[in-house]
Amino acid sequence: MKVVLRFAPSPTGPLHIGGVRTALYNYLLARKYGGIFILRIEDTDQTRFVPGAEEYIIESLSWCGITFDYGPHIGGPHAPYRQSERKAIYAEYAHLLVERGWAYYAFDTEEELEEMRRRFEAAGMSAPQYNAITRSYMKNSLTLPPEEVQERLRSQPYVIRFLVPRGREVRFYDEIRGWVSVHTKEMDDKVLLKSDGMPTYHLANVVDDHLMGITHVIRGEEWLPSTPLHVLLYEGFGWEMPKFAHLPLLLRPDGGGKLSKRDGDQLGFPVFPLRWRDPFTGEVSEGYRERGFLPEGLTNYLALLGWHPAEEREIFTMEELIQAFSLERVSKSGARFDFEKARWVNQQHIRKLPLERLTALVHPLWMARGLPSISEVQLMQLMALARERGALLPELIEAVRFFYEAPTFPLPPEKESKLNPNLVEKLPQWMDHLWALEPWNAASIEAFIKSQAKSEKMTLSQVLPALRLALTGEEMGPSLYVIIELLGRVETRRRLERFLAEYGVRREV
RNA sequence: GCCCCGUUCGUCUAGCCUGGUCUAGGACACCUCUCUUUCAAGGAGGAAACAGGGGUUCAAAUCCCCUACGGGGUACCA
């Protein structure tokens, strides 16, 4: 049988990395079994609609390499894939449930509900629910005479509530957690159809999952407590249930609860895949892309948060993840996000990336930084030097930007103290030899410097650090011989002359 | 409060289903050494965990129960 999976986000803001992981696991499983993967937008709460969120979700997942077969941006056999556009369908099914005795109409106002909760709370009941006990005190089609119900249906707003059956133990099998059971006395008569005619999540997700032929529902653990309701809904409709799998939550690094959109930039690392600008407040949150992550680095790390491959390898391409992934190896407990490890995983991917692709990725970043313009060919030489020296793309630029930004003198005091006066004194003579050096490559430059140092009775550690400061202004970095080669004869000389102008000659006054 | 789910190194986790092979394995981070002009990368090594208590058993990280702790849910939000 063909598997059909879906990712069903709500466009109430940017997708956060927990959502990306949920999408990823669904995607991985769909692709592994050659099934179908659907994007469904759950926009049934009109009050929480955020402009741009849906586009953001699609763009983010696409950047991550997570692709869909059907969705609002693609179409498909069960279109529309936006729940707000399927409104009529849900109302029809909600009424069907009423006819079958699995649901009823309720007319209580918000104030009346509030009042009921207060009353029962005062009577010593904690968190009063609309359930078998309280429903008999409320205004609904179970308590009101039929004529009044008809009258109210015509004249006032109403909701449709699920009628939780009494005295039953609802059991279902979770692919990750095993059997879970809840007694119906713990459940309340959830609203299925809201007074604005829109369904709640519970109704919409069951109806759509059935209609769209979903075989596996993989979602966050926060849905575990409402799954018994969904199970009962399937029973009420007489539909076959999909398999359920509830993923462990992604926790904040401090362990204080699940990661949420509101964490924004507060944690010291991005929680969104892409930059997000809040359309209401104008507040901007950085994303993983802007931070310099490779999509394959992010998804690889995310895959590891809550899932473990059967082998000890940790670095996977998306294709390899698809092959290796399985629900059996998903763990049950929540995982804290560890930015350091995410960086490391990304670094591994940077090192695996062909130099051409790495260069193509870094080139626009380089230009955007306002650094002197550079050709891709030139940048590729620099990337060969930089690629092992950074975990995030911008760090690669930082590692080699001195090639295009000559050091400024005087150096800061802490660096100045590293200059070797002996070398500075000899430098003018060295320069003359260096200028004439043939051929101009790292190997001959290395040979030259070593022989000079030897004849001056200086060690390399007396020579190189000072020379590096003179040429790059930095105390550390790639091989100095290679740097000199790439800098070229002219630029090397120019930088050394400027250095000597500052430090070389004692000016007589 | 009530309900549900969870609990192995600081973190992510392997092992648990199918008790013995676990003096509990790997990875990130950390520390030491090594390579190197330096930093990074690499190599070698180190410190570091079965939440607690009861059972069952010849034997328990693994099975059962209780407690504690953590998280989630408890909306006409998803």
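Chain letters run A, B, ... following the sequence lines, proteins first, then strands; residues in each count from 1. Note that these values count all heavy atoms, side chains included, but never hydrogens, waters or copies made by symmetry.
With rounding to whole Å, A:Ile160 atom CD1 is found 20 Å from B:A75 atom P. Across the protein-nucleic acid pair, A:Leu305 atom CG and B:A27 atom C1' stand 13 Å apart, rounded to whole Å. The nearest whole Å value for the distance from the CZ atom in A:Phe337 to the C1' atom in B:C28 is 12 Å. Separating the CZ atom of A:Arg21 from the P atom of B:C12 is a distance of 12 Å, rounded to the nearest angstrom.
Counting non-hydrogen atoms under 4.0 angstrom, A:Arg343 reaches nothing in the nucleic acid. Residue A:Asp108 is classed as a base contact, given a heavy-atom separation below 4.0 Å to a base. Here A:Leu480 lies in heavy-atom contact (under 4.0 Å) with a base. No contact: A:Thr47 has no heavy atom under 4.0 Å from any strand. Within the 4.0 angstrom heavy-atom criterion, only backbone atoms of the sugar-phosphate kind lie near A:Ser333; the bases stay farther away. Heavy atoms of A:Arg329 sit under 4.0 angstrom from primed sugar atoms or phosphate atoms, though from no base atom. Residue-level contact check: A:Arg48 touches the bases, meaning some heavy atom is under 4.0 Å from a base atom. Contact annotation for A:Val180: backbone-only contact, meaning every heavy-atom pair under 4.0 Å involves sugar-phosphate atoms and none involves a base. Contacts of A:Gly390 with the nucleic acid, taken as non-hydrogen atoms under 4.0 Å apart, are absent. At a threshold of 4.0 angstrom between heavy atoms, the contacts of A:Pro199 are confined to the sugar-phosphate backbone, with no base atom among them. Residue A:Ser181 is in sugar-phosphate contact alone, with no base atom involved, counting any heavy-atom pair closer than 4.0 Å across all strands shown. Within 4.0 Å of A:Gly257, counting heavy atoms only, lie sugar-phosphate atoms of the nucleic acid but no base atom. A:Gln129 comes within 4.0 angstrom of the backbone, heavy atoms only, and of no base.
In the set B:U38, B:U11, B:C76, the nucleotide with an atom closest to the side chain of A:Asp338 is B:U11. Nearest nucleotide to the A:Val182 side chain, out of B:C12, B:G73, B:C3: B:C3. When distances run from any side-chain atom of A:Ser10 to the nucleotides B:C12, B:A78, B:U37, the shortest one goes to B:A78. Here the nucleotide nearest the side chain of A:Leu249, chosen from B:A75, B:U11, B:G71, is B:G71. The A:Pro225 side chain lies nearest to B:G73 when the options are B:C77, B:G73, B:U74. For A:Glu314, whose side chain is taken as the heavy atoms from C-beta onward, the closest listed nucleotide among B:A75, B:G72, B:A27 is B:A27. Across B:A29, B:U13, B:A78, the shortest atom-to-atom separation from the side chain of A:Glu42 is found for B:A78. For A:Leu224, whose side chain is taken as the heavy atoms from C-beta onward, the closest listed nucleotide among B:A29, B:A78, B:C5 is B:C5. Side-chain proximity of A:Glu186 to B:C3, B:U37, B:U74: nearest is B:C3.
Both distances falling under 3.5 Å, in either a Watson-Crick or a G-U wobble arrangement, occur for no nucleotide opposite B:A24. Summarising the base pairing, B:U62 is matched to no nucleotide, lacking a Watson-Crick or G-U wobble pair whose two defining distances lie under 3.5 Å. Both distances falling under 3.5 Å, in either a Watson-Crick or a G-U wobble arrangement, occur for no nucleotide opposite B:A14. Pairing of B:A68, defined by two Watson-Crick or G-U wobble distances under 3.5 Å, is identified with B:U7. B:G73 is paired with B:C2 under the Watson-Crick or G-U wobble criterion, all donor-acceptor distances under 3.5 Å. For B:A49, there is no paired base (Watson-Crick or G-U wobble, both distances below 3.5 Å). Across every strand in view, B:U36 sits unpaired, with no contact that passes the Watson-Crick or G-U test at under 3.5 angstrom.
Comparing A:Arg468 and A:Lys341 against RNA chain B, the residue whose closest nucleotide sits nearer the 5' end is A:Lys341.
No side-chain donor-acceptor contact under 3.5 Å links A:Asn420 to the backbone of A:Pro465. No donor-acceptor pair under 3.5 Å is formed between the side chain of A:Asp43 and the backbone N or O of A:Pro11.
Look at A:Lys194 and you'll find a side-chain N or O under 4.0 angstrom from OP1 or OP2 of B:C77. Neither OP1 nor OP2 of B:A78 sits under 4.0 Å from any side-chain N or O of A:Arg40. Regarding contacts with the backbone of B:U13, a side-chain N or O of A:Ser331 is found under 4.0 angstrom from either OP1 or OP2. In this structure, A:Lys258 does not reach the B:G70 phosphate: none of its side-chain N or O atoms is under 4.0 Å from OP1 or OP2.
With contacts defined as side-chain heavy-atom distances shorter than 4.5 Å, the pair A:Asn346/A:Ile350 qualifies. Counting only heavy atoms from C-beta outward, the side chains of A:Arg152 and A:Lys139 approach each other to under 4.5 Å. Within the 4.5 Å cutoff, side-chain heavy atoms of A:Ser226 are placed close to those of A:His202.
Using cut-offs of 30° and 60° on the angle between ring planes, the pair A:Phe172 and A:Phe244 is perpendicular. Ring geometry for A:Tyr25 versus A:Phe325: interplanar angle of 30 to 60°, hence tilted. Ring geometry for A:Phe337 against A:Phe269 counts as parallel: the plane angle stays under 30°, on a 0 to 90° scale with 60° as the upper cut.
Of the C1' atoms belonging to B:A59 and B:G19, the separation is 8 Å, rounded to the nearest Å. Rounded to whole Å, the C1' atom of B:A51 lies 24 Å from the corresponding atom of B:C28. The gap from the P atom of B:A24 to that of B:G10 amounts to 15 Å, rounded to the nearest Å. When the P atom is used for both B:G6 and B:C64, the distance is 11 Å, rounded to whole Å. Across the C1' atoms, B:C4 and B:U18 are found 28 Å apart, a figure rounded to whole Å. Using C1' as the reference atom, B:G70 and B:A78 are 24 Å apart when rounded to the nearest Å. To the nearest whole angstrom, the two C1' atoms, one in B:G54 and one in B:U13, are 29 Å apart. Between B:G71 and B:G26, the two C1' atoms lie 26 Å apart (nearest whole Å).
Each of A:Gln83, A:Met198, A:Lys194 was scored for a side-chain contact (heavy atoms from CB on, under 4.5 Å) with A:Tyr90, with one residue passing: A:Gln83.
Ring-centre distance between A:Trp344 and A:Tyr301: not below the 6.0 Å cut-off. Side-chain rings of A:Phe293 and A:Phe339 approach one another, their centers coming within less than 6.0 Å.
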**Message:** As a quick check of understanding, evaluate side-chain hydrogen bond (donor to acceptor under 3.5 Å, both in side chains) for A:Asp189 and A:Tyr104, giving each step before the final call.
**Reply:** CA-CA 9 Å; A:Asp189 296 350; A:Tyr104 59 93; 2.5 Å; yes

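The base of B:C5 has none of its N or O atoms less than 3.5 Å from a complementary donor or acceptor on the side chain of A:Arg177.
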Restricting to nitrogen or oxygen on both sides, can you table the protein-nucleotides 41-44 of chain B pairs closer than 3.5 Å?
| residue | atom | partner | partner atom | Å |
| --- | --- | --- | --- | --- |
| B:A41 | O3' | A:Arg351 | NH1 | 2.8 |
| B:A41 | O2' | A:Arg351 | NH1 | 3.4 |
| B:A41 | O2' | A:Arg351 | NH2 | 2.9 |
| B:A41 | O2' | A:Glu388 | OE1 | 2.9 |

